[in-house]
2 protein chains.
Amino acid sequence: MSGVVTTYHQRIAQEKRALIVAAATALFLELGYDRTSLARIAERSGVSRATLFKQFPSKAALFDAMVTESWSTADEEDPPPAGNVVDGLSTIGRRYAELLSRAQMTDLFRIVIAELPRFPELANAQFSHGKMPYFESVRGYLLAEHEAGTVRVEDVDLAATQFLGMISNYVFWPTLLVPGWQVSAERVAQVVDEAVRTIVARYAAPARSDI
Amino acid sequence: MSGVVTTYHQRIAQEKRALIVAAATALFLELGYDRTSLARIAERSGVSRATLFKQFPSKAALFDAMVTESWSTADEEDPPPAGNVVDGLSTIGRRYAELLSRAQMTDLFRIVIAELPRFPELANAQFSHGKMPYFESVRGYLLAEHEAGTVRVEDVDLAATQFLGMISNYVFWPTLLVPGWQVSAERVAQVVDEAVRTIVARYAAPARSDI
DNA sequence: GCAGAGGTGAGTCACTCGGCTCACCATCGG
DNA sequence: CCGATGGTGAGCCGAGTGACTCACCTCTGC
């Protein structure tokens, strides 16, 4: 992946490959797997069909490359900042909401969900690049604070899922179901803040065994 | 829709129609829209292709009928029981989790999400038969209790979304992403109970404006 | 200046699809 | 008994599809 020997014929090949993947991404996300033909991909990328077959052995391989490289654009985040629980959760929550709000991510989720029966291994990628990093961040925060005695969280996994669920259920589902749906940045921030308040209120509150 | 004049030739037509829809449902949910051909539907339902075209003008019409009739099986619930907030929310939450856990519903959600760009009107059906009834139930409970002074919920819509999100994020996403995923009934009940506790802890707790 | 890597355009192949039509058959109701 | 309603089987059509091949062109790098 680094700046290897460059071999100036391979350079062109990589450029062509990038063009193919870009065109395939746009077409797959717009039309879905079946309705996207290799001919259209070749046409849109300005590459001959023969080149396409030399670069990718099959349509499935091209689809897989498209998903993989799309995910890689979502992994540019640096680790969450240290600080108190409220600030930490707010930061993670806002990033999570921002990820789920991107139109490109929504379309990617849609096609991955649609094609999961045919590409079951994509579920792992969906988890590892989507929910998992945020889940682990939330989990880490809650666990640390629990051990510090600030909060009392018996089921950390459940609490983290609750937190992310309160956000995704508001931000993600409408964008996934209604094409072109937009949630204002202010509303997103408000939703995240309320989610943080709810989690804190639950697990920082004195134990109420009578409920 | 009632037991009309029966016309004993139409009876056979309706039986054939039911066979067609049943076969189409199985094939659409298993293979998706594009990979399901009308020929296979006719074959599986034991009906000739000509009959299929007489009953349904197009593949899209058949798909629409399939989705509509699949949703109708989800609307057999009676109104939620009266009682205190905790019991009410628990009942609604359990029903919601049960709905989201059904394998058939998961497959239906999957294909609806996948085909939404082509059938945008399905989003309305998704809402009105899926989340909406439960959302309204939760909303009604919280609103009534708010007006009664038991709890203090400024944004009832948000609170209802939070509650359902805590459940669906645990129950629904894994079943949607991982084929064959199962969550035990005990765990589901536990998740619902914890969601109720969290909501109650947040909105029944004394106002903490300092957070 | 030439070998070879890589891209190109055109074309072939076997196949499937949704849509449609037609002549013919089975059964019920008057 | 006979007409009408509805189902049947077969076949055709135009359009795409993924996969694959081959002769040819265009550059780079030695």
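Quick note: numbers below take in every heavy atom, side chains included, and nothing from hydrogens, waters or symmetry partners. The chains referred to below are lettered A, B, ... by the order of the sequence lines, with proteins before strands, and numbering in each begins at 1.
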Checking B:Trp173, B:Phe135, B:Phe127 against A:Trp173 for ring-ring contact (aromatic ring centres under 6.0 Å, His included), the one that qualifies is B:Trp173
To the nearest Å, how far apart are B:Leu27 CG and C:dT16 P?
-> 16 Å
Taking only the side-chain nitrogens and oxygens of B:Ser37, find out if one of them lies under 4.0 Å from OP1 or OP2 of C:dC17.
-> yes
Pairwise distance OG(B:Ser58) to CG(B:Leu38) - rounded to 0.5 angstrom = 8.5 Å
Please report, rounded to the nearest Å, how far the P atom of D:dG18 is from the CG atom of A:Leu38.
-> 5 Å
Can you check the B:Arg11 CZ to C:dC28 P distance for me, whole Å?
-> 11 Å
Please check the phosphate of D:dG7 (OP1 and OP2 only) for any side-chain N or O of B:Gln55 closer than 4.0 Å.
-> yes
Taking only Lys NZ, Arg NE, NH1 and NH2, and the carboxylate oxygens of Asp or Glu, determine whether B:Asp107 and B:Arg102 approach each other closer than 4.0 Å.
-> no
Remember a base hit wins even if backbone is also touched, and classify A:Ala50 as base, sugar-phosphate or nothing at under 4.0 Å, heavy atoms.
-> base
To the nearest angstrom, the CD-C1' distance between B:Glu43 and D:dG9 comes to 14 Å
Could you give the CG-to-P distance, from B:Leu62 to C:dC17, as a whole number of Å?
-> 15 Å
Could you tell me whether the phosphate oxygens of D:dG18, OP1 or OP2, come under 4.0 Å of any side-chain nitrogen or oxygen in A:Lys59?
-> yes
Side chain of A:Arg49, base of C:dG9: donor and acceptor closer than 3.5 Å?
-> no
May I have the distance from B:Ile41 (atom CD1) to C:dT16 (atom C1'), rounded to whole angstrom?
-> 15 Å
Check if the side chain of A:Lys16 and the base of C:dG6 share a donor-acceptor pair of N or O atoms closer than 3.5 Å.
-> no
Within the structure, does a side-chain N or O atom of B:Thr51 lie under 4.0 Å from either OP1 or OP2 of D:dG7?
-> no
Name the closest nucleotide to the B:Lys54 side chain, picking from C:dT8, D:dG7, C:dG18.
-> D:dG7
B:Arg40/B:Glu30 ion pair, N-O < 4.0 Å | no
Charged N to carboxylate O under 4.0 angstrom, A:Arg11 versus A:Glu15?
-> yes
Between atom CZ in A:Phe53 and atom C1' in D:dT17, what is the gap in whole Å?
-> 10 Å
Given atom CZ of B:Arg35 and atom P of D:dG18, what is their separation to the nearest angstrom?
-> 11 Å
